[in-house]
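If you're wondering where the values come from, they're calculated on a predicted model, not measured in any experiment. Quick note on labels: first sequence line is chain A, next is B, and so on, each numbered from 1.
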Amino acid sequence: MWNWDMFFGSLPMVFKGMWVTLGVTIACYLFAMVFGFVWVFLKRIPFKPIQWIVSIILEFIRSTPPLVQLFFLFFGLPMVPYIGVSLSPLTVAVIGLGVHFSTYISEIYRSGIESVDKGQWEASIALNLSVKDKWIKVILPQAIPPTIPMLGNYLIIMFKEVPLTSTVGVAGMLFMADKFGARNWAYLEPYTLVAIFFLLLSYPSAVLIKKLENKLNRRFDKKAPLGAKNLKKGVAIDG
Amino acid sequence: MAEPVVKYKNVTKSFGEVDVLKGINLDIAPAEKIALIGPSGSGKTTIIRLLMTLEEPTSGIIEVNSQNLWQMEKKGKMVRANEKHLRQIRGDIGMVFQHFNLFPHMTILENCMTGPIHVKGQSKEEARKNAIEMLEKVGLGDKVDNFPNQLSGGQKQRVAMARALVMRPKVMLFDEVTSALDPELVGEVLEVIREIAKEGEMAMILVTHEMDFARDVADRIIFLEDGVISEQGTPEEVLGNTKSERLQKFLSRFRS
């Protein structure tokens with residue numbers, strides 16, 4: 001039955017695991033954000049075979065469960081002849097979840113980039129901007145802000161997927177609760193505690209993201225007493 | 001006559017099955033002002049979009065300052081121009097769009113500084129000074145720190161002109177720049193173009209439906225129909241007493 005001693009007894013271990021979970025989440029997320037860009041740019045190479053190959057790889061990564069990918073990287077990869085290497089649990093977690101989520105994040109980037117008006121690309125050409133300046137000064141500053149809420153949602157989704165990495169030995173909250181449970185033959189309390197921690201961390205984040213979204217939606221309206229009716233997704237249709 | 005700044009040599013453009021331009025031959029002298037008129041779908045806009053490198057011609061040659069725009073020499077053969085080649089040549093071309101295409105995330109001053117700083121390598125101070133000067137010239141000196149969507153359509157279009165002018169192009173293209181404006185705002189934009197035209201250093205190609213304006217500003221008016229130049233000449237010749245029945249029919253729509 002419920003035992004408060006077990007509940008509070010597991011607290012230090014789960015708390016310690018929380019830092020690992022948070023750290024892995026952030027590392028995976030940064031990896032996914034950067035790698036998401038790599039996919040976007042690979043897919044934009046104007047050479048069909050490369051685009052096909054990239055599409056197939058993306059489809060493959062998206063259609064296989066992250067848990068299978070983690071197992072493959074941790075248990076399978078070392079057995080591949082010649083190129084097989086053993087990776088630490090943390091490396092597997094960051095690469096596995098990071099690559100998996102980068103495919104979704106690249107899709108978000110793509111939608112953001114496509115939401116930028118065609119005229120913006122043409123104006124960049126007319127001003128003779130370099131490809132680099134076109135992206136950095138014109139396209140991305142307009143493409144990224146509208147995607148921030150979606151990117152935030154994926155941060156929370158990813159956070160909730162991180163316990164998967166306990167299966168390859170990353171000592172996050174679930175892993176620590178497991179350990180405590182095995183030692184004391186008490187699972188109910190530490191698992192409950194893990195759930196509470198997840199709730200306490202993800203709910204406020206979701207609220208924050210919602211607030212950010214509202215703020216972003218209002219951003220252009222405030223500045224736009226004259227042209228507000230022409231606004232869509234924060235980008236003026238005619239501007 | 002001075003060496004043309006732009007030359008179209010038998011230029012064609014097709015979009016899929018549709019032949020939009022069917023062999024355009026056109027020389028543009030330095031500082032010449034040309035008005036392109038014609039029914040919609042006649043290919044007026046496509047002509048200037050090819051020069052701005054927004055579209056690639058299907059065949060033919062476009063030269064800017066006697067340099068081939070869309071082809072370059074590589075190992076003794078002419079091949080399709082790469083981005084580097086295009087960038088080197090299109091610096092002399094500027095364009096103002098029907099829908100302004102201002103950068104909405106920048107103030108209008110920043111809109112006018114981006115090109116000079118990143119393309120022409122001007123210092124921030126220099127670019128700022130030139131941009132403010134140009135914005136004053138188009139009558140927006142008091143709006144420099146506003147964002148584009150705080151401006152009216154006419155003001156936006158004047159910013160777009162300032163943004164193109166600070167790049168000091170040799171040829172400036174105007175793509176139906178008043179078509180998206182409310183009627184009461186057309187005048188202020190045409191006024192600025194008249195001013196620019198008077199200064200005279202720059203060649204200008206104006207795609208327009210404003211016949212009175214074309215008559216005022218242009219040295220030569222070109223009537224385009226079904227992808228070919230069917231009439232051209234001075235405003236008097238083309239708008240005054242043309243013998244072409246189709247041109248007369250086209251023009252009658254603008255007389256009330």
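No other option in B/E83, B/Q98, B/M106, B/R90 has as many heavy-atom pairs under 4.5 Å with chain A as B/R90. Ranked by heavy-atom pairs shorter than 4.5 Å toward chain A, the options B/V119, B/V166, B/L173 are led by B/V119.
Aromatic pair A/F41/A/W135: ring centres closer than 6.0 Å.
Both the backbone and the side chain of B/M52 have a heavy atom closer than 4.5 Å to some heavy atom of chain A. For a residue to count as touching a neighbouring chain, one of its non-hydrogen atoms must lie under 4.5 Å from one of that chain's; by this rule B/R163 touches chain A with backbone and side chain alike.
Counting heavy atoms from C-beta on, the side chains of B/F103 and A/P141 never come closer than 4.5 Å.
Salt bridge annotation for A/E213-A/K210: present, with a cationic side-chain nitrogen under 4.0 angstrom from a carboxylate oxygen. A salt bridge is defined here as a Lys NZ or Arg NE, NH1 or NH2 lying under 4.0 Å from an Asp or Glu carboxylate O, and A/R110 with A/E114 meets this definition.
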